[in-house]
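The structure under discussion appears below in the form of C-alpha cells.
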Amino acid sequence: MKKWIAAVTGLVAGGLVSTVIFADFDRNANQANTNTNASNVASYAERTYVPFGEHDEYYLFASGGHSGQMFIYGVPSMRRIRTIPVFSPDSATGYGYDKHTKELMGGYTWGDLHHPALSETDGDYDGKYLFATDVANNRAAVLDLKTFTTMDILKVPNTGGPHCAAFVTPNTEYLFLPTRFAVPLGFEYAPLDEYNEKYRGVMSAVTFNEDKKKLELAYQVALPPWSFDLSDAGKKGSEGWSVMTTYNTEEATTEMEINASQKDRDYIVLYNWKELEKMVANGQYDMVGDVKMIFPEKHKGGIFLVPTAKSPHGVDVTPDGTRFIASGKLAPAMTVFSFEKAFKAIEDKKFSGEFNGIPVLDYESVMEREVNPENALGPLHSQFDEKGHCYTTMFISSEIVKWDPSSGEVLDRIPVQYSPGHLAAAEGDTVSPDGKYLVSLNKIAKDTYLGVGPSHPESMQLIDLSGDKMELIYSAPVDPEPHYAQMVKADKLSTDKIYEKDEKRPNSIWNQKDAGITRNGNTVEVRGVAMRSKFIFDGAAERKDVIHVKEGDKVVIHLTNIDLDQDITHGFGINSYDLNMEVQPGQTNTMEFIADKAGTYPLYCTNFCSALHQEMNGYLLVEPKG
C-alpha cells in the first residue's frame with residue numbers, strides 16, 4: 001500500500017494546480033496537445049455531422065442540476081433535442097400548471113436534478129424508463145421514454161438530499177437512494193451537539209410498479225451519520241450486491257471542507273440487497289412512522305464497510321462485474337477492489353473494526369491495486385468501454401485518463417476544458433459498453449464560447465474512442481449543471497408519435513357535438529376538444545368557443561386534442577390568469593383553477609399548430625358576484 005505521504009503531497013499539488021486551472025492564464029496554454037490543425041478539424045466535423053433527415057446514433061440524457069430539468073442530446077451531433085421538465089415548472093409545456101403535473105410537483109417550485117439512471121434488463125439499458133433524484137426536496141422521479149414525460153414523483157421520507165443517484169439494479173428491481181446530508185429520522189429537531197446520537201444517513205430502497213406507473217418505497221436502512229455520495233450495482237457474478245461511497249466519517253458539523261477531510265480513509269458501503277430484501281420479508285426491521293427501517297446495529301447482516309482513499313466520489317463496477325473502482329477526491333489515486341476478495345474476506349471474517357454494527361473489512365484483503373497516474377489530480381468518476389478499459393475524470397488536472405483495471409497501466413490521457421466532474425460513455429454503465437464515444441461533463445468553461453455575461457455556460461465535450469488514442473471532436477455549451485449523464489443506443493427506444501385514440505378514456509371527447517359544459521353547485525366542468533384551428537367547449541352552444549362561469553367558481557377543463565396527426569400539438573392558455581397547458585395529439589389534459597378574477601379573458605392556443613393558429617382562440621367570461 002502506498003504511503004499516505006503521497007496523499008498529502010497530492011493535496012498540496014492539487015491546491016497549486018487548482019490555482020492554475022481557475023486563474024485567467026493564457027487560454028492557449030490549456031489547449032496543448034489537442035491537435036487542432038486544419039485537417040483534424042475537418043475530420044472532426046465530418047464525424048459529428050448528421051445530415052438532414054438522418055438521426056443520431058445515441059441519446060444522451062444529461063441532468064439539469066438546479067434547473068430541475070433533464071437535457072436530451074443526440075450523439076454524435078451533440079444537438080440538444082429536448083428539455084424535459086421534471087422537478088420544476090415549465091411554462092412552455094404547461095408542466096406544473098395542468099392538474100396531473102401540478103399534483104406531481106407537490107407544491108414545490110424548483111428542484112436539483114441529479115444522476116439520471118436508465119432502466120435495465122439483464123444489466124443492459126432497455127430504453128423504457130429513466131429515473132432521477134431531487135437533492136433539494138428529497139424526491140425521486142420516473143420518466144416514460146415513449147412520451148418523454150414525467151410519470152411519477154415520490155417524496156422520500158427521512159432523507160436529506162438523495163444526491164448520489166437513482167442507480168438501478170440489473171433488472172430494475174430497485175432504485176437505491178442514499179442521502180447526502182445526515183438528519184434526524186423524521187426531520188425532528190436535534191442539536192448538532194447530539195449529531196452522533198440523533199442523526200442518520202438513510203438509504204432508501206425504491207421500487208417501480210410498472211402496472212400502476214408508480215414509485216413505491218420498499219424499506220430504508222439507517223446508516224451512520226455520514227454523507228453518502230455515488231453508487232453502482234453489481235453485475236453478473238456480483239449481481240445482488242451494490243456499492244456506494246461515503247465521506248465525512250469524521251462526523252463534522254461545520255466547516256466541512258476542513259473538518260470532513262481529516263481522516264486518511266473513508267469507506268465504501270458494500271451491501272447485499274437480496275439479503276436485505278430477505279431480512280425485511282422476515283420481519284427484521286423496526287417501523288419508523290409508516291416506513292420499514294433496518295437498523296444495522298440491531299438487524300445484523302448484509303452490510304459491510306470497505307476502507308478507501310479519503311473523500312471518495314465515484315465508485316464504479318466493471319462491466320464483467322468482477323471489480324469495483326473508487327476515486328478519492330483528496331488522494332491522487334484510483335483504487336481497484338475485487339468482489340471475489342471481498343466475498344472471501346466476509347466468509348473468513350477478516351474485519352478490522354465496526355461502526356453502528358457494520359463490520360469493516362480489512363483493506364488489504366479486498367484491494368487489488370492502487371493506480372496513481374503521474375501528475376493526474378482529483379479523480380472523480382469512471383466509465384468503461386467494450387474492452388474493459390476504464391476512463392476517469394481528473395477534476396484538478398482537467399483531463400480524462402484511460403487505463404487498464406487489470407494491470408493499472410495508463411494507456412492514454414487527453415485534456416478537456418475544464419474541470420470535468422462526470423463522464424458518460426456509450427452504454428458505459430452496462431454489462432456490454434459500446435466503446436464508441438465518451439462525453440466529458442465539464443464544470444468550467446471560462447471563455448470557450450461567446451460571452452454571455454458573468455455567468456458562463458458549462459460544457460460537454462465529445463471524445464471519439466474508436467482509435468487507440470482518444471480524440472476530442474466536439475465541444476457543446478450547456479446550461480448549468482450537467483452533473484451526470486447516460487448514453488443509450490437510439491434504436492433501444494420506441495417513442496410514441498401520438499397518443500392513441502381511446503374511446504373509454506375518462507373525460508375524453510372525440511366528436512365536436514359531444515363537447516359540453518356542466519355545473520354542479522359551484523363547480524363548472526368543461527369537456528372540450530382542440531382541433532385545427534378552433535376550440536369547442538359546448539357543441540350545442542351558439543358560441544362554441546366560450547366558457548361562461550361566475551366569480552368564485554371552481555373550473556375544471558378537460559381538453560382532448562382530436563388531431564391525430566404527428567407533431568400537431570395544441571396549447572391552451574388563459575390571458576391574465578397565469579395558466580397554460582399543452583395537449584399532444586390524441587391526449588386529454590386537465591386544468592383546474594378558481595375563477596377568482598371577474599372579467600373578460602381571452603383564451604388561445606399557445607403552441608403553433610396551423611396557418612390559422614392566430615385564429616384559434618375564444619373567451620373565458622367570469623361574471624362578477626352579485
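Worth saying up front: this structure is predicted, and the values here are computed from it rather than measured. All values below were derived from every heavy atom in this structure, side-chain atoms included, with hydrogens, water molecules and symmetry-related copies excluded.
- By the 6.0 Å contact criterion, CD on Glu340 is open, its count of non-hydrogen atoms from other residues, nucleotides or ligands being 12 or less.
- For the side chain to side chain contact (heavy atoms under 4.5 Å, CB included) criterion with Trp403, the lone passing option out of Glu409, Met334, His389 is Met334.
- Atom CG of Leu113 and atom OG of Ser67 lie 7.0 Å apart (nearest 0.5 Å).
- Lys310 and Asp266 are not joined by a salt bridge, as no carboxylate oxygen comes within less than 4.0 angstrom of a charged side-chain nitrogen.
- For Glu500, the CD atom is loosely surrounded, since the number of other residues' heavy atoms within 6.0 Å does not exceed 12.
- In this structure, His381 and Tyr484 have tilted ring planes: the angle between them lies in the 30° to 60° band.
- Expressed to the nearest 0.5 Å, how far CG of Leu143 lies from CG of Asp152 amounts to 10.5 Å.
- A salt bridge between Glu481 and Lys443 is present, with a side-chain N of the basic residue lying under 4.0 Å from a carboxylate O of the acidic one.
- Looking at Asn272, its side chain does come within 3.5 Å of a backbone N or O of Lys274 through a donor-acceptor pair.
- The two residues Ala117 and Gln486 have their closest heavy-atom pair at CA-OE1, 3.2 Å.
- Here the options are Pro312, Ser227, Ser327, the test is side chain to side chain contact (heavy atoms under 4.5 Å, CB included), and the partner is Thr245; only Pro312 passes.
- Look at Glu250 and Lys263 and you find no salt bridge, because none of the NZ, NE, NH1 or NH2 atoms lies under 4.0 Å from a carboxylate O.
- Contact check on Lys344 versus Asp348 returns a salt bridge, with a Lys/Arg side-chain nitrogen under 4.0 Å from an Asp/Glu carboxylate oxygen.
- Among the candidates Tyr267, Phe304, Trp241, Phe324, the single residue satisfying the ring pair (Phe, Tyr, Trp, His ring centres under 6.0 Å) test with Phe337 is Phe324.
- Cation-pi geometry between Lys236 and Phe339 is not met: the NZ or CZ atom fails to fall both under 6.0 Å from the ring centre and inside 45° of the normal.
- Using a distance-only test at 3.5 Å, with no hydrogens or angles considered, no donor-acceptor pair links the side chain of Ser311 to the main chain of Tyr247.
- Enclosure of atom NZ in Lys402 by more than 12 non-hydrogen atoms of other residues, nucleotides or ligands within 6.0 angstrom is indicated.
- Taking the charged nitrogens against the carboxylate oxygens, Asp211 and Lys214 have no contact shorter than 4.0 Å, which rules out a salt bridge.
- With Ser365 contributing its side chain and Tyr363 its backbone, the two residues share no donor-acceptor pair below 3.5 Å.
- For the atom pair OG (Ser352) and CG (Asp362), the distance works out to 6.0 Å, reported to the nearest 0.5 Å.
- Below 30°, between 30° and 60°, or above 60°: for Trp226 and Phe355 the angle between ring planes is above 60°, a perpendicular geometry.
- Using the six-membered ring where Trp is involved, His422 and His313 have ring planes that are tilted, between 30° and 60° apart.
- Of the charged side-chain nitrogens involved, at least one lies within less than 4.0 Å of a carboxylate oxygen, so that Arg139 and Asp134 count as a salt-bridged pair.
- Annotation: Phe87 is not in aromatic contact with Trp110 [ring centroid separation under 6.0 Å not met].
- Ser382 and Thr392 get closest at one heavy-atom pair: OG-OG1, 2.7 Å.
- Ion pair Lys489/Asp434 flagged as a salt bridge, since at least one NZ, NE, NH1 or NH2 atom sits closer than 4.0 Å to an Asp/Glu carboxylate oxygen.
- Shown here is Lys341, whose NZ atom has more than 12 heavy atoms of other residues, nucleotides or ligands within 6.0 Å.
- Taking each heavy atom of Leu423 and Ser440 in turn, the nearest pair found is CB-CA, 4.3 Å.
- Rounding to the nearest 0.5 angstrom, the gap separating the OG1 atom in Thr121 from the NZ atom in Lys492 is 9.0 Å.
- Proximity of the aromatic rings of Phe61 and Phe71 is defined here by a centroid distance below 6.0 angstrom, and this criterion is not met.
- Within a 6.0 Å radius of NZ in Lys300, other residues, nucleotides and ligands contribute more than 12 heavy atoms.
- Residue-environment remark: NZ (Lys278) stays at or below the threshold of 12 foreign heavy atoms within 6.0 Å.
- Closest non-hydrogen pair, Ser231 versus Pro178, comes out as OG-CG, 3.8 Å.
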Full working for salt bridge (charged side-chain N to carboxylate O under 4.0 Å, His left out) between Glu427 and Lys436: CA-CA 9 Å; Glu427 305 265 327; Lys436 299 184 75 170; over 6 Å; no
